[in-house]
2 protein chains.
Amino acid sequence: MRLIDTDGVEALTMRKLATVLDANPMSLYHHVPNKDALLRGVARMVGAQFRTVTLEDAPWQERLRLLATDFRTLAHRHPKLMAYSFTHQADFIQPEDPFWVSLAAILDAAGVPHSEFPQIAALVCAVITGVLSAELNGALRQWSSLNPSTPDEGGLARPGHDEVEVFRLALDTIITGLESRLADGDGSLDAGL
Amino acid sequence: MRLIDTDGVEALTMRKLATVLDANPMSLYHHVPNKDALLRGVARMVGAQFRTVTLEDAPWQERLRLLATDFRTLAHRHPKLMAYSFTHQADFIQPEDPFWVSLAAILDAAGVPHSEFPQIAALVCAVITGVLSAELNGALRQWSSLNPSTPDEGGLARPGHDEVEVFRLALDTIITGLESRLADGDGSLDAGL
DNA sequence: ACCTGAACACCGTTCAAGT
DNA sequence: ACCTGAACACCGTTCAAGT
């Protein structure tokens, strides 16, 4: 983790790891089948650190906001590893993970019909990890500083810490969108397609 | 491109490229400073292929939907490269790109106030590329097939092609969210924070 | 049983020497 | 001026040989 956090996942090398551990590079293969398995193991260890409090009786909107920001907090603790996991490990989120369990409970509380659950859950996961990885890899800051067509207005960019705001904005926007979807088609109509 | 499309970006090697081109590996360095610059160049060439028709007088919602699906079409033409670009090139979308120009025009038509433009634009880009890269790397399919807590229901997953639907769903959801944001705070209030 | 040195098949890139 | 062979400093992984 120290190697990954400071220099990025691609800087983690079986050989470097071995020297840090004062071991022979080949001894690692006694504990792990290969480098990919090692990275999956590390990612799962970090993922297992996820914690969130369950506000049973709060409105689902607030619970979802809390779940997402708790996830963001974890992601910022190991940005390099999480950015890597989001894009290289499609199975990073597992059904038993607290994150998924909480998400399922929240969507259930929101009244998402069973038939629509897989798609809505996938949508929420995709938006959260998508915005988060844009934030972690710098794209979010890049986009926030791109003005419409007048790039000579004021300074180069806004003061700073725009990224939390964009994350919150994205979260609020899909929450509002889900609200109105759940309001006007409770009988699970495939509205508008 | 042939090498990248078939075997992925990480399979593109200066040495392999050279043999495909019937050249000496070192001759490449006469045309390109290094491998990273080569990948940026290829990514920009593909990005420049983006085309979308401008429906000046259609509602902004429909224009945004079209922009996003046109972008998705391009992404699916070179999935490996685009997935790589999304996560490794924060400046993949440039201010002069048709995509960005169109997005700016659409948000303007939607009545997004100038002060909120950077954040809304970043939000839209993040959601589109985020969901798209989840789709390209397989995470979207993974999530769609994860049922709430009854993993023993019916078959293993839905028939197929769920992913377009999730993309459309995400798009519709943020559009609806933006609609209500633009409706109730036209004077650019920082609502709800 | 456990460990490990040497080796294999690769990388990106430099640089001096060729034409 | 342009090209390129050899070399450098790395990789992940195998495998036979050591203890």
Side-chain angles (χ1 to χ4, degrees), chain A residues 1-48 78-92 94 133 136-139 142, chain B residues 1-48 78-92 94 133 136-139 142:
Chain A
M1 285 308 307
R2 203 156 47 233
L3 282 174
I4 291 176
D5 284 340
T6 60
D7 293 330
V9 174
E10 55 286 344
L12 175 67
T13 278
M14 299 301 270
R15 295 169 123 105
K16 281 189 201 160
L17 177 60
T19 61
V20 164
L21 296 176
D22 249 328
N24 185 290
M26 299 315 121
S27 304
L28 301 180
Y29 287 92
H30 210 260
H31 302 87
V32 107
N34 54 42
K35 187 181 176 181
D36 187 65
L38 184 143
L39 287 176
R40 299 170 77 85
V42 176
R44 288 212 60 71
M45 283 186 61
V46 170
H78 302 290
K80 310 265 179 60
L81 178 67
M82 293 294 270
Y84 174 86
S85 299
F86 290 160
T87 56
H88 292 78
Q89 301 177 350
D91 60 348
F92 175 57
Q94 303 263 218
S133 76
L136 295 180
N137 75 25
Q142 197 80 205
Chain B
M1 285 310 306
R2 203 156 47 232
L3 283 173
I4 292 175
D5 284 340
T6 59
D7 293 330
V9 174
E10 54 284 347
L12 175 66
T13 277
M14 299 302 270
R15 294 169 124 107
K16 281 189 200 158
L17 178 60
T19 60
V20 164
L21 296 175
D22 249 329
N24 184 292
M26 300 313 122
S27 304
L28 301 180
Y29 287 91
H30 210 258
H31 302 86
V32 107
N34 53 44
K35 187 181 178 181
D36 186 65
L38 185 142
L39 288 175
R40 301 170 76 83
V42 176
R44 288 213 59 70
M45 283 187 59
V46 171
H78 302 290
K80 311 264 179 64
L81 177 67
M82 293 295 269
Y84 174 85
S85 299
F86 290 161
T87 55
H88 291 77
Q89 301 178 350
D91 60 348
F92 176 57
Q94 303 262 221
S133 77
L136 295 180
N137 75 24
Q142 198 81 203

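Here is the naming used below: chain letters follow the sequence lines, and residue numbers restart at 1 for every chain.
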Short side-chain N/O contact to D/dC3 OP1/OP2 from B/Ser27, under 4.0 Å: no
Whole-Å gap separating C1' (D/dT4) and CG (B/Asp22): 15 Å
Return the value, rounded to whole Å, for the distance between atom CG of A/Leu21 and atom P of C/dT4. 13 Å
How does each nucleotide of nucleotides 6-19 of chain C score, in 5' to 3' order, for protein heavy atoms under 4.0 Å: base (B), sugar-phosphate only (S), or none (-)? BB---BBBB-----
Can you tell me how far C1' in D/dC3 sits from the matching atom in C/dC15, rounded to whole Å? 13 Å
Determine the Euclidean distance between corresponding C1' atoms of D/dC10 and C/dA9; express it in Å to zero decimal places. 13 Å
Which heavy atom of [X] sits nearest a heavy atom of [Y], and at what distance?
| X | Y | result |
| --- | --- | --- |
| A/Leu136 | A/Ala83 | CD1-N, 4.0 Å |
| B/Ser133 | B/Phe86 | CB-CD1, 3.7 Å |
| B/Ala43 | B/Ser85 | CB-OG, 3.5 Å |

Dot-bracket summary - DNA chain C, pairs being Watson-Crick or G-U whose distances fall under 3.5 Å, with | when paired to another strand: ||.|||||...|||||.||
Before giving the answer on side-chain contact (heavy atoms from CB on, under 4.5 Å), spell out for A/Leu12 and A/Val42 the whole-Å C-alpha distance, their side-chain angles and the decisive distance to 0.1 Å. CA-CA 12 Å; A/Leu12 175 67; A/Val42 176; 5.8 Å; no
Picking from C/dC3, C/dT4, D/dC3, which would you name as closest to the side chain of B/His30? D/dC3
Please step through side-chain contact (heavy atoms from CB on, under 4.5 Å) for the pair A/Met14 and A/Val32, ending with a clear verdict. CA-CA 11 Å; A/Met14 299 301 270; A/Val32 107; 4.3 Å; yes
Would you list the pairs meeting side-chain hydrogen bond (donor to acceptor under 3.5 Å, both in side chains) in which at least one residue belongs to residues 13-36 of chain B, sequence neighbours left out? none
From CD (A/Gln89) to CD (B/Gln142), nearest 0.5 Å: 11.5 Å
Taking atom CE of B/Met1 as the centre, report whether more than 12 heavy atoms of other residues, nucleotides or ligands fall under 6.0 Å from it. yes
